[in-house]
Amino acid sequence: MDGKCPDCGREVKPAKEEAYFFKMSKYADRLIEHINTHPEFIQPVSRKNEMMNNFLLPGLQDLCVSRTSFNWGIQVDFDPKHVVYVWLDALTNYITKIGYDPDGSSDLFNKNWPADLHLIGKDIVRFHTIYWPIFLMALDLPLPKQVFGHPWLLQGGDKMSKSKGNVIYADDMVRLFGVDATRYFVLHEMPFENDGIITWELIIERFNSDLANVLGNLVNRTVSMSNKYFDGVVRSTGVAEDVDADLKSFVTGAKARVQDKMDKLRVADAITEVMAVFRRCNKYIDETTPWVLAKDEASKDRLAEVMYNLVESITIGASLLHSFLPETAEKIAAQLSTGLRDLEQLEEFGLYENGTKVTETPEILFARLDAAQVMPQVEEIQKKQKEEYEAEQAKLAGEDSTAKSDNSVIDTERKEEITFDDFEKLQFQVGEIIACEAVEKSKKLLCSQVKIGSEVKQIVSGIRKYYTPEEMVGKKVMVLVNLKPAKLAGVLSEGMLLCAEDTEGNLALMKPEKDMPAGAEIC
């Protein structure tokens with residue numbers, strides 16, 4: 001695009017490197033036909049349109065599948081100075097792990113391939129829906145039946161940052177709301193196609209409206225009424241009315257609706273269908289008014305039937321819920337003194353054993369949350385995040401104040417001389433840090449994702465004392481790119497960031513004097 005990179009907008013400069021190419025163009029038409037004749041292959045449709053319109057239809061370029069500018073990686077067996085491009089190597093693990101062998105594959109491979117589904121992040125859809133299918137076509141192997149690129153969950157549309165105190169950790173959610181409530185929010189709020197939104201306020205709202213009001217209140221009311229009207233004994237009397245048939249039809253049809261949504265990978269819609277069972281039960285209570293029936297002795301058998309229908313419906317609903325909120329489903333079954341049903345049993349109404357006695361004291365599954373009580377705890381979490389960030393900054397500032405001035409003369413002991421041939425073995429390039437995080441098992445290390453030309457390398461550096469992850473993102477740095485990969489604190493590092501060091505041991509990243517594109521050679 002006018003000599004500019006479409007991603008970063010910087011000027012593109014020519015570079016040369018010997019490489020082998022995979023003739024992707026040879027298979028482009030065949031892949032396009034497969035996608036057109038198998039509309040379920042790439043989901044959701046927006047991902048399919050992106051791949052077709054941005055890559056396949058304009059004309060698929062051949063793919064560079066080897067490199068000579070570094071030596072880490074799997075060597076090309078017929079040309080050892082080349083190493084295999086990582087995505088060619090990585091994708092084939094899907095089949096080699098289960099026993100694929102061009103000279104005769106195992107029974108395990110024959111049983112399990114093609115895969116029913118590749119469930120991946122939306123940022124690697126191209127590798128799984130263009131490169132991988134074409135590799136398989138070249139091997140004359142069947143393609144996976146479906147590739148689904150799932151969306152992301154974003155924090156209120158704002159970037160998460162410890163300096164802002166707006167990072168939402170799963171551990172904090174679990175501590176405030178419980179494991180199943182956390183599961184429910186993440187599953188329910190993750191849309192099928194677009195990124196979802198998460199905020200503390202939204203979590204509280206969803207907890208109260210769905211888990212406390214719809215589900216928790218229903219179970220509590222049903223168990224309490226069973227104890228109040230029949231000493232907890234649940235029995236079917238057969239005294240039915242038209243409204244019962246509608247309830248039974250809705251509840252027994254829920255399995256098919258949930259299964260249909262899951263088959264289409266619409267998890268949020270599937271859990272909504274489960275919650276619809278409980279909403280229908282609440283409506284049934286309003287329709288049958290058990291408290292009114294309880295006032296008339298002649299309506300006792302009708303009241304018993306109503307309570308049986310409620311308990312049976314909740315049991316079916318809890319069985320459907322088990323895949324999403326296992327602990328909650330088991331608690332519901334325990335309160336109803338029954339077990340959860342197998343999938344095959346969920347289309348049959350009336351399996352709850354007549355005469356079963358529910359628990360005497362119902363447990364509150366989800367007590368309503370008061371935002372006025374929860375938000376101060378959230379504010380403490382945010383305050384702690386900010387304090388940790390400020391402490392890190394203060395520590396860095398204090399260390400900097402003890403360092404010598406920039407005018408200090410530093411005498412460095414010279415290392416053994418090397419030849420020019422030795423120097424030529426080293427490859428230095430400009431890199432751009434696109435993501436960075438602290439290494440959990442170390443107080444010194446940062447793990448950076450560094451964009452170098454068209455690839456991204458993961459590099460671990462002992463500079464946490466001098467830079468925060470937030471500061472690192474966006475920096476242009478100098479990188480030794482052909483250093484043999486090694487693990488630091490259990491994390492793989494694929495290169496080295498160049499730094500300067502003063503007499504006090506303080507480090508500063510080396511950066512290009514002028515703005516240079518990521519991937520520019522340092523010579």
Side-chain angles (χ1 to χ4, degrees), residues 153 168 170-190 196 198 200 202-227 232 234 250-252 254-255 257-259 261-262 266-285 307 309-343 345-346 351-352 356-370 374:
L153 199 59
I168 297 180
D171 287 349
D172 290 327
M173 290 179 64
V174 169
R175 182 168 56 82
L176 293 179
F177 311 112
V179 174
D180 271 11
T182 300
R183 286 190 182 111
Y184 179 78
F185 183 87
V186 173
L187 292 172
H188 188 273
E189 297 304 312
M190 180 69 78
I198 179 172
W200 291 107
L202 190 56
I203 297 170
I204 296 170
E205 177 185 337
R206 188 65 67 199
F207 184 101
N208 286 338
S209 63
D210 293 2
L211 298 180
N213 286 0
V214 174
L215 178 56
N217 189 44
L218 169 68
V219 175
N220 186 274
R221 292 171 74 190
T222 300
V223 173
S224 296
M225 287 191 292
S226 295
N227 279 301
V234 180
F250 187 88
V251 171
T252 55
K255 170 199 164 183
R257 295 192 298 273
V258 172
Q259 204 162 26
K261 300 300 184 185
M262 290 301 295
R266 293 183 173 271
V267 179
D269 293 338
I271 200 169
T272 296
E273 289 291 351
V274 176
M275 293 301 296
V277 172
F278 303 123
R279 294 181 191 278
R280 183 64 186 87
C281 289
N282 280 316
K283 181 182 177 183
Y284 180 73
I285 292 176
M307 298 312 303
N309 290 341
L310 280 170
V311 170
E312 172 71 350
S313 298
I314 294 171
T315 301
I316 293 174
S319 301
L320 287 168
L321 187 67
H322 186 250
S323 296
F324 306 95
L325 309 185
E327 295 177 9
T328 300
E330 289 164 6
K331 287 179 180 179
I332 294 172
Q335 293 198 50
L336 301 180
S337 302
T338 188
L340 296 170
R341 310 260 174 91
D342 294 333
L343 192 64
Q345 299 175 303
L346 299 183
L351 298 181
Y352 188 85
T356 300
K357 188 172 184 178
V358 300
T359 185
E360 292 184 4
T361 306
E363 176 188 355
I364 302 297
L365 295 175
F366 300 99
R368 278 187 61 84
L369 298 173
D370 184 349
V374 176

Donor-acceptor contact present, side-chain Glu273 to main-chain Arg257, <3.5 Å: no

Do [X] and [Y] touch side chain to side chain, with heavy atoms closer than 4.5 Å?
X      : Y      : answer
Val223 : Leu336 : yes
Val374 : Trp200 : no
Pro326 : Asp180 : yes

Is there a donor-acceptor contact under 3.5 Å linking the side chains of Asn217 and Arg368?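 No, Arg368 and Asn217 have no side-chain donor paired with an acceptor closer than 3.5 Å.
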
Nearest-0.5 Å distance, CE of residue Met173 to CZ of residue Phe185: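 These two atoms lie 6.0 Å from each other.
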
Just how far is it from atom CG of Asp172 to atom OG1 of Thr182, taken to the nearest 0.5 Å? 10.0 Å

Using the side chain to side chain contact (heavy atoms under 4.5 Å, CB included) definition, which of the options Leu325, Leu215, Thr315 pairs with Ile332? Leu215

Worked verdict on Leu365 versus Gln335 for side chain to side chain contact (heavy atoms under 4.5 Å, CB included): CA-CA 10 Å; Leu365 295 175; Gln335 293 198 50; 3.6 Å; yes

Above 12 or not: heavy atoms from other molecules or residues under 6.0 Å from CD of Gln345? yes

State, to 0.1 Å, how close Ala367 and Ala212 come at their nearest heavy-atom pair, and which atoms those are.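 Taking every non-hydrogen atom into account, C-CB, 4.4 Å.
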
List the steps and the verdict of ring-ring contact (aromatic ring centres under 6.0 Å, His included) for Phe207 and Phe366. CA-CA 8 Å; Phe207 184 101; Phe366 300 99; 5.6 Å; yes

I would like to know whether Val234 and Lys357 meet side chain to side chain contact (heavy atoms under 4.5 Å, CB included); could you show each step before the answer? CA-CA 6 Å; Val234 180; Lys357 188 172 184 178; over 6 Å; no

